[in-house]
Amino acid sequence: MKTIHQSACCRKEDRRRRIQSALAGLLLFLLPVSGCAVPFFGEKEASGYSRSSTEAAAETAAFDAFLEEFFRTEVTGNTINLHFTVADPQNYGIQETPVTLGEISEQALAESAAGMENLLSVLDEFDYKYLDAGRQLTCDVIKEYLKTEMSVSELVYYDELLRPSTGIQAQLPVLYEEYRFYEKKDVEDYLALIALTDEYFSQIVAFEQKKAQLGLFMSDFACDTIISQCETFIKNPEEHYLIQTFERKVDQMEGLTESERESYKVRNETAVKEHVLPAYRMLADALTGLLGNGKNEMGLCYLPDGKAYYEYLVRHNTGSSEGVKELQRRISEQRNKDLTEAAVLLTDHPDLKKRSAGIALTGRDSIATLEVLKQEMASEFPEAPEAEYTVSYIDACMEEYMAPAFYITAPIDDYGKNAIFINASTDVTSMRYFTTLAHEGFPGHLYQTVMSYEAGLSPARTVLNFPGYVEGWATYVEMISYRYAGLEEELASLMSHNQSALLSLYASTDLGIHYDGWSFSDAAAFWETYGITDQNVLREIYELIVEEPAHYLKYYVGYLEFLRLKETAQRTYGSDYSDIAFHRAVLEIGPAPFPVVEQYLDAYYDAGTGNT
């Protein structure tokens, strides 16, 4: 491999053209649900190498230019991603860009695959030893991401854009609702954007029709779920929440005349009624016409290349490099450990079972609960910078289909603004309410995002998605949060072990259905072993996991990976280990595949504690 310092001048323009070609249409379907960051160590030398300052400076400048162009190209490919990623695009050299929801076509899919291959080739041209530790980390993260995504470049129609909780049709309304208006241009862009909804959904319909032609269409029960979701969404058009929330946001904007406010409201109502609601009507009708085309109502392994695609989903969703069989072993091992420790607690304290069933916490509103969590976590986690946040209720028409709660990532240049959504029907005195806010807020998603940004953000990493790290962290801290609820130690421990064991059942079922080919009776028999026998509940679990393959793995396997990282750090540092130092290190490394996190863990831990 030729080094850049030997040929940078003569290859600079060639590299620029190749980067532009590589970036075209790379990340088509990314939605902003999580944040990621990387601290640059500044003047810290690359491991074990004494560099020429001129050569290092030239290579660093070239790499930074690559990252800037990579970020700009990717983030402008979708107006929603752009708006949720940066509050002021001009700060990143982004000027006027077309308003778009992205493109879903065979040409775009082919360009995406070619772009990833070219991009990886460009990255390989950088001389790794001339980059400092922070840039080496960024390079490793992007490379691993590209390698994972390229592994299924021939299986694009195995992807599913329409899933009950994580599909485009479920997430798009929430992103529309939370689209922030910083200035008049944002309102204009938003109105132009929602007017594209029907055109965008026509591309989704074409994608689903192609899947049907290839024998890859979803099951009828999954299709019925999406149709029902669309039907619910388009009810009551005169009082639709996308009209009501828009009007509230416009009324709160400063610098608008009353005439402008009224004009915007009229335009929005027209766009919702003429483009958004018809898009969902069209989607429901098209899916109704495709009913019966889904030939497989079981796991992905029953499709021709389904097992290979599922292996990719496992890698993508978990960030783990381990194969399915090893993950199955680890999940089973952790479940047995949790159940054993729970049994010991119940033997020593027989009253715990009854007490755990009747827990009622102090009924606080969401803001007060999050503030309690911030106080309780202080002894184990680094202090978070001040960050504003709002907690809103999921609209009633989406409650049945959305997760119990979720967090929408703040822009990297305005990360004081964070949004958490929760289900309005949640009992505020329940333990689930408390741990859910820990998962979404402190020390969960909100905290993780803000801390990673605060550590020194590489914008290029915000266009990548590492669900295993993001959801694994939130699950890891959720388990810890039982201790923050004011419960006795034994009771908190019992509930944490119980929750871990329950999640492990979902994870094992996911692997069993999609890799080992479990039928409903197989899955039911597995759950019945653990005392869950209600056939209606088991059918619901089975169908949910068929609809959302590898969904539960990002939570549970990600959680197991954080436990393993913690155990590794405890062995390495012994009596010098501290939870605060460990948490600071993994947060500063930021979302990444877990082998990369482990590779850099010692360097970031030592940097945070002043060790050399």
*So does Arg163 pair up with Glu547, basic N to acidic O under 4.0 Å?*
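The answer is no: the pair does not qualify as a salt bridge.
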
_salt_bridge(Glu69, Arg72) N-O dist < 4.0 Å_ =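 No, Glu69 and Arg72 are not salt-bridged.
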
Could you tell me how the ring of [X] sits relative to the ring of [Y]: parallel (under 30°), tilted (30 to 60°) or perpendicular (over 60°)?
| X | Y | value |
| --- | --- | --- |
| His439 | His445 | perpendicular |
| Tyr559 | Tyr476 | tilted |
| Tyr280 | Phe233 | tilted |
| Tyr506 | Trp527 | perpendicular |

I need the minimum non-hydrogen distance between [X] and [Y], along with the two atoms involved.
| X | Y | value |
| --- | --- | --- |
| Gly299 | Asn296 | O-ND2, 2.8 Å |
| Val463 | Phe70 | CG2-CE2, 3.6 Å |
| Arg461 | Ala592 | NH2-CB, 3.9 Å |

I'd like to check [X] versus [Y] (side-chain heavy atoms, cut-off strictly below 4.5 Å). Are they in contact?
| X | Y | result |
| --- | --- | --- |
| Tyr158 | Asp305 | yes |
| Thr318 | Phe594 | no |
| Cys301 | Asp516 | no |

*asked:* Between Asp522 and Tyr542, does the side-chain hydrogen bond (donor to acceptor under 3.5 Å, both in side chains) criterion hold? Intermediate values first, please.
replied: CA-CA 10 Å; Asp522 295 327; Tyr542 184 82; over 6 Å; no

*Answer with yes or no whether the side chains of Thr245 and Glu177 bring together a donor and an acceptor at under 3.5 Å.*
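The answer is no; no qualifying pair exists.
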
